[in-house]
Amino acid sequence: MRTATLGPAERAASLAAMAARELDVLVIGAGVVGSGTALDAATRGLSTGLVEARDWASGTSSRSSKLIHGGLRYLEMLDFALVREALKERGLLLERIAPHLVRPVPFLYPLRHKGWERLYAGSGVALYDAMSMARGHGRGLPVHRHLTRRHALRVAPALRKDALVGALQYYDAQVDDARFTATLVRTAASYGARVANGAKVTGFLREGERVVGARVQDVETGGEYEIRARQVVNATGVWTDDTQSMVGERGRFHVRASKGIHLVVPKDRIHSATGLILRTETSVLFVIPWGRHWIVGTTDTDWDLDKAHPAASSADIDYLLDHVNEVLSVPLTRDDVQGVYAGLRPLLAGESDATSKLSREHTVAHPVPGLVVVAGGKYTTYRVMAKDAVDAAVHGLDLRVADCVTEDVPLLGAEGYRALWNARARTAARTGLHVARVEHLLHRYGALAEEVLDLVADDPSLGEPLAAADDYLRAEIVYAASHEGARHLDDVLTRRTRISIETFDRGTRSAREAAELMAPVLGWDTERLEREVHHYEKRVEAERESQLQPDDLTADAARLGAPDIVPH
């Protein structure tokens with residue numbers, strides 16, 4: 001199997017190829033579900049196209065809690081089927097599909113009441129572990145354990161002594177969601193899928209009632225394409241209703257957006273060897289280890305404003321700080337917050353007005369011939385959603401099509417990862433990089449780290465870290481543009497890396513250096529380079545301003561003060 005390179009030339013070739021002959025399946029939307037759908041279809045032998053108006057994972061799939069989990073709180077809602085399904089997927093991702101990108105993470109659940117709470121919560125976590133093991137996919141994670149208060153405070157000294165009487169510790173898993181989605185796209189391309197970002201669907205092609213393809217605008221160059229397909233899959237997440245409106249058909253369900261915001265704080269601000277999970281009056285709050293940082297989240301509020309750039313208000317930030325400070329001995333302040341990001345969950349509208357009670361199940365529908373819609377769900381179960389979407393599309397094809405095989409399809413970088421991990425000291429000696437740098441690359445690229453190291457071998461200056469974001473090598477910026485489909489500075493600083501949320505300057509001090517590394521790969525002249533840097537700085541300025549506003553309306557207005565670098 002070839003490794004797919006997603007540079008500018010490959011993007012242009014993909015668009016031309018999609019327009020040249022009818023596809024079996026065209027997928028709209030390259031979040032995790034759309035990307036997974038493209039991989040599923042391609043690995044069944046179907047000719048497949050994937051188009052995305054913005055960038056891979058630029059919506060919900062880059063702004064999650066970064067967790068791969070069974071959904072412990074759904075056990076409390078007695079949604080055993082959803083938890084069982086998600087636990088199976090968690091195990092597959094950890095062990096087979098993406099061991100280089102998905103890894104275990106411990107969580108401490110402080111107990112506030114003696115007796116009954118330990119029995120109640122302990123029973124839930126024990127059931128969680130048992131369901132995981134019963135599926136045969138839980139062996140990679142330690143089982144939960146009960147801790148006394150003294151033991152819990154040794155593991156998490158940051159907790160106030162009066163905030164707990166004891167604790168439970170259990171394990172889930174985490175992932176860099178944007179990197180995972182981009183890897184899904186490249187894996188689909190390696191199996192023959194044609195993929196293009198910056199390719200916006202402006203309408204559907206119809207023959208009578210039937211959808212037979214889509215009109216696609218190349219928002220980067222201005223070209224227009226008619227892409228014909230025997231089946232089209234709408235996997236546009238919170239944009240589902242907007243996409244459906246293009247066929248004059250809202251569909252049998254409605255997708256509502258629920259906003260969740262997260263704070264990123266330096267590791268030294270919370271003294272703990274484990275993540276934390278805390279109850280709030282409406283949901284749960286996570287404190288999640290994230291390299292040299294913690295992620296604190298999330299909120300859960302209805303959102304009906306701009307979908308592309310949901311804004312975090314001052315009230316959102318205060319909500320998270322207030323709740324996490326209830327259990328911390330040294331409270332966090334606004335000055336501790338390095339980064340803030342906001343994302344939208346696509347929820348299937350239910351009877352309740354409270355978004356935390358709306359369904360996290362997914363649904364697939366065939367509203368008109370030739371068009372499949374998949375919506376809802378959660379990141380962890382993307383593969384199941386993709387399978388169901390392709391199964392529905394296959395019903396509309398007059399072909400014998402193989403069953404789903406993605407349970408057994410590792411993502412690019414997975415094969416050979418463990419052997420390279422074991423040999424990381426040797427790789428460090430061979431390349432002259434510190435072993436910690438090699439570990440960083442292996443955690444981000446798996447076996448594809450060798451491609452990044454090849455860039456360093458050709459140009460040793462790329463083995464140096466970025467001056468203002470020294471977690472990342474200069475080679476990673478070049479690789480993002482040459483191999484991973486990055487088209488803009490924002491793509492690299494926000495999604496291919498996490499510099500935009502992992503530095504106090506939000507990436508502004510790295511912007512020019514990164515742009516200068518991208519320019520030769522993407523053919524930017526000086527004017528284009530300056531425009532990319534200026535746009536990124538304005539975007540950060542608008543986000544900072546929005547986070548000072550008291551409510552969603554004013555925060556949204558402030559965030560929209562920085563328009564997209566390419567109109568979508």
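Please read these numbers as outputs of a predicted model, since none were measured by experiment. In this chain, residues are counted from 1 in sequence order. Note: hydrogens, waters and symmetry copies are ignored here, and every other heavy atom, side chains too, is used.
A donor-acceptor pair under 3.5 Å links the side-chain atoms of S245 to the main chain of D242, judged by distance alone. Listed for the H100 side chain is a donor-acceptor partner under 3.5 Å among the backbone atoms of L412. A donor-acceptor contact shorter than 3.5 Å is absent between the side chain of Y479 and the backbone of L453. The main-chain N or O of H488 is found under 3.5 Å from a side-chain atom of D491 such that the two form a donor-acceptor pair. At distances below 3.5 Å, not a single donor-acceptor pair connects side-chain atoms of T60 with backbone N or O atoms of R345. Formation of a donor-acceptor pair under 3.5 Å by the R539 side chain with backbone atoms of A562 is not found in this model. Side-chain N or O atoms of R444 include none that pairs as donor or acceptor with a backbone N or O of A449 at under 3.5 Å. Put simply, the side chain of D55 never gets that close to the backbone of S58: no donor and acceptor are under 3.5 Å apart. Here the side chain of S258 pairs no donor or acceptor atom with the backbone of D302 at under 3.5 angstrom. The backbone N or O of E484 sits less than 3.5 Å from a side-chain atom of W56, completing a donor-acceptor pair.
Taking 4.0 Å as the cut-off between side-chain N and carboxylate O, D398 and R230 do not count as a salt-bridged pair. For R63 and D177, the salt-bridge test fails: no basic side-chain N is under 4.0 Å from an acidic carboxylate O. A salt bridge links D176 with R498: at least one charged nitrogen is closer than 4.0 Å to a carboxylate oxygen. A salt bridge links R186 to E451: one of the charged nitrogens lies within less than 4.0 Å of a carboxylate oxygen.
Closest of all the heavy-atom pairs between G7 and E10 is N-OE1, 3.0 Å. In plain terms, the two heavy atoms of A199 and L15 that are nearest each other are CB-CD2, 4.1 Å. Across A41 and T48, no two heavy atoms sit closer than the pair CB-OG1, 3.4 Å. Between I97 and V409 the shortest heavy-atom distance is CG2-O, 4.0 Å. When all heavy atoms of A311 and A342 are compared, the closest pair comes out as C-CB, 4.3 Å. What you find for A30 and E52 is that their closest heavy atoms are N-OE1, 2.8 Å.
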> When you look at I288 and K66, which way does the side-chain contact (heavy atoms from CB on, under 4.5 Å) test go after all the steps?
Replying inline: CA-CA 9 Å; I288 305 162; K66 323 286 186 239; 5.8 Å; no
>> Let's go through V233 and L26 carefully: what are the C-alpha distance in whole Å and the side-chain angles of both, what is the deciding distance for side-chain contact (heavy atoms from CB on, under 4.5 Å) to 0.1 Å, and is it a yes or a no?
In response: CA-CA 6 Å; V233 179; L26 173 65; over 6 Å; no
>> Walk me through whether E476 and L441 qualify under side-chain contact (heavy atoms from CB on, under 4.5 Å).
In response: CA-CA 9 Å; E476 296 182 73; L441 293 176; 3.8 Å; yes
>> Under the criterion side-chain contact (heavy atoms from CB on, under 4.5 Å), I'd like the reasoning laid out for T497 against I477: C-alpha separation, chi angles, the key distance, then a yes or no.
In response: CA-CA 8 Å; T497 71; I477 308 302; 4.2 Å; yes
> Should T298 and S65 be marked as a side-chain hydrogen bond (donor to acceptor under 3.5 Å, both in side chains) after you check the CA-CA gap, both sets of side-chain angles, and the distance that decides it?
Replying inline: CA-CA 7 Å; T298 180; S65 296; 5.0 Å; no
>> Checking S62 against R495 for the side-chain hydrogen bond (donor to acceptor under 3.5 Å, both in side chains) test, could you report, in this order, the C-alpha distance in whole Å, the side-chain angles of both residues, the deciding distance, and whether it holds?
In response: CA-CA 7 Å; S62 60; R495 286 173 292 278; 4.9 Å; no
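When side chains are defined from C-beta on, R11 counts as touching E220, because their heavy atoms get closer than 4.5 Å. Residues V27 and V51 form no side-chain contact, since every pair of their non-hydrogen atoms from C-beta on lies 4.5 Å or further apart. Between R383 and L93 the shortest side-chain heavy-atom distance does not fall below 4.5 Å.
Applying the side chain to side chain donor-acceptor pair (under 3.5 Å) test to pairs two or more places apart or on separate chains, those with a residue in residues 35-44 are D40-R44, R44-D391.
Distance check: T299 OG1 to H262 NE2 gives 7.5 Å after rounding to the nearest 0.5 Å. Note: L94 CG to Y171 OH = 12.5 Å, rounded to the nearest 0.5 Å. Note that CG of L442 and CG of L448 are 10.5 Å apart. Values are rounded to the nearest 0.5 Å. Taking CZ from F180 and CG from L411, the interatomic distance works out to 5.0 Å, rounded to the nearest 0.5 Å. Note: D490 CG to D564 CG = 8.5 Å, rounded to the nearest 0.5 Å. T363 contributes atom OG1, which lies 9.0 Å from atom CE of M385 (distance to the nearest 0.5 angstrom).
Remark: R179 qualifies as a cation-pi partner of Y445 under the 6.0 Å distance and 45° angle criteria applied to the six-membered ring.
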Using a 3.5 Å cut-off and no angle test, enumerate the donor-acceptor pairs between side-chain atoms of residues 16-23 and protein atoms at least two apart in sequence or in another chain.
none

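For T380, the side chain to side chain contact (heavy atoms under 4.5 Å, CB included) partners two or more places apart in sequence, or in a different chain, are I68, H69, A86, E89, K378.
Other residues, nucleotides and ligands contribute only 12 or fewer heavy atoms inside 6.0 Å of the CG atom of D403.
Ring-plane geometry between Y417 and W421 is classed as tilted, the angle between the planes lying from 30 to 60 degrees on a 0 to 90 degree scale.
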